[in-house]
2 protein chains.
Amino acid sequence: MLREERKKELKKDIFLKSIELFKEYGYENVSVEKIASACGIAKGTFFNYFPKKEHVLLHLGSSQIVLVKEIIQTHQCSNIKSKVHHIFRELLATYSQHADLLKLTISETIRSALKAESANILTLTDTLTDMFIDAKNTGLFQSAFDPKTISSVLVGIYFNSLITWSLSESPDEDLEIIFNSQFEVVWEGIEKK
Amino acid sequence: MLREERKKELKKDIFLKSIELFKEYGYENVSVEKIASACGIAKGTFFNYFPKKEHVLLHLGSSQIVLVKEIIQTHQCSNIKSKVHHIFRELLATYSQHADLLKLTISETIRSALKAESANILTLTDTLTDMFIDAKNTGLFQSAFDPKTISSVLVGIYFNSLITWSLSESPDEDLEIIFNSQFEVVWEGIEKK
DNA sequence: ATGTTAAAATGACCACAGTCACTAGTTGAC
DNA sequence: GTCAACTAGTGACTGTGGTCATTTTAACAT
């Protein structure tokens, strides 16, 4: 069906243009009308593709999850700790690139999670959980705690580092350093047999 | 000066009426105009006291910090773990009472943290950090990790539990249980000498 | 009392997210 | 080719958050 193709194409167009504009002028300073006219469509059409303006950001967030899945599959590694570490380092790296935008993405992701409007966080946690279950089964990993709790804690630390980083006056203070120190603490607990 | 008195009084009035209305009709369904007229003031006046509608929620959030400080001072306890545990249990308890509203509060707190518009989270973390420094000095507590990181991790777990809880389909699943399991994991790490 | 000045209240006003009744375009059946 | 049925596009309209020039009120000085 050609119809579907076109729809996907347009959604992608809207998404890319939005991101581009957000980066240039800042999320708040770009109206839906601006996006629409930049895409050569009417305002109403935008809402046929994204129910709310903020859903563009959630869409961006969901692409991070795809990234995680890719890493889990490609990055074979004997040591589970370094694998997990690698996943988050990678996530934080993409984060650092377009910090302002992803700050908003995180904030919208959490917001929508609390409004039960999107399941991005849940998906991320589940993906990690599966990885831990796998690692437990193949004997790569042992822990007194259950995989779901562990993943949840890790995801928590991830978001928390981002928040902590945003809060720190000095943007020099490295995001990765903040994450690492928190990671070391919790991993110490996770590894408990 | 009488002027100041009146201002504080009115701010409190606006705050309480807002919360009352939010609880009854839901945050989104209460316009600033509604709040204003319920307080017998004009819409513009509202914004003389709270720069944005959402700041009413942040104000609510900051009252939780006061609670923490109170607990730290009153609840004397030989065991630091149980003290920390007590603090968070208490926080979560007030949370459970008006869940919907505090869900929004959390979401706004995080949001504003990421926008660098409010320092609630920072204050909470600092308060805990001071407590840990104190405990280290008096020999009540030892850890290989520094107090700031520890507090940060704990605050992270706190918010994360709330998020996890919101995400769980079943509201039966106890918030306290979720927090406890995450707390056990990280405390294991924190205690590392 | 009266005048002066600064703070606080006001509500018309604006910009923008989101809605919806309507129009235009597409598909497939005959 | 024609019609019917559905899908996608549209933009005037609405409700609300937030602003700001103006007015009202309070505080103090003389």
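Between A:Phe47 atom CZ and D:dT14 atom P there is a gap of 17 Å when expressed in whole angstrom units. Going from atom CD of A:Glu9 over to atom P of D:dA8 covers 15 Å, rounded to whole Å. B:Phe46 places its CZ atom 8 Å from the P atom of D:dG18, with the value rounded to the nearest Å. We find that CD of A:Glu28 is positioned 21 Å from P of C:dC14, with the value rounded to whole Å. Distance CD (A:Glu33) to C1' (C:dT19): 14 Å, rounded to an integer number of Å. Between B:Lys11 atom NZ and C:dA8 atom C1' the separation is 15 Å, expressed in whole Å. With rounding to whole Å, B:Ile14 atom CD1 is found 8 Å from C:dA9 atom P. Distance A:Glu5 CD to C:dT26 C1': 16 Å, rounded to the nearest Å.
Considering only heavy atoms from C-beta on, A:Val84 comes within 4.5 Å of A:Phe132 through its side chain.
Between B:Lys12 and B:Glu9, no side-chain nitrogen of the basic residue sits less than 4.0 Å from a carboxylate oxygen of the acidic one, so the salt-bridge criterion is not met.
Of the two residues near DNA chain C, A:Asn48 and A:Asn29, the one whose nearest nucleotide lies more 5' is A:Asn29.
Between B:Tyr49 and C:dA8 there is no side-chain polar atom (N or O) within less than 4.0 angstrom of OP1 or OP2. Close to D:dT10, at under 4.0 Å from its OP1 or OP2, lies a side-chain N or O of A:Thr45. For the OP1/OP2 pair of D:dA26 and a distance below 4.0 Å, the side-chain nitrogens and oxygens of B:Arg6 include at least one atom meeting the criterion. Using a 4.0 Å cut-off, no side-chain N or O of B:Lys52 falls inside it from OP1 or OP2 of D:dG17.
Comparing D:dA8, C:dA8, C:dT10 by their closest approach to the side chain of B:Lys7 singles out C:dA8. Side-chain proximity of A:Ile41 to D:dG18, C:dG18, D:dT10: nearest is D:dT10. In this structure, of C:dA8, C:dC16, D:dT19, it is C:dC16 that holds the atom nearest to the side chain of A:Ser31. Comparing atom distances between the B:Ala42 side chain and each of D:dG9, C:dT10, D:dA8 picks out C:dT10 as nearest.
Residue B:Lys8 qualifies as open at atom NZ: its count of foreign heavy atoms under 6.0 Å is 12 or below.
Residue A:Leu10 is classed as a sugar-phosphate contact, given heavy-atom separations below 4.0 Å to backbone atoms only.
Between the side chain of A:Lys53 and the base of C:dG18 there is no donor-acceptor pair of N/O atoms closer than 3.5 Å. With hydrogens and angles ignored, a donor-acceptor pair under 3.5 angstrom links the side chain of A:Lys43 to the base of C:dA17.
Side-chain contact annotation: B:Asp146 with B:Thr149, donor-acceptor N/O pair under 3.5 Å present.
By the 30° and 60° cut-offs, the orientation of the rings of A:Trp187 relative to A:Phe141 is tilted.
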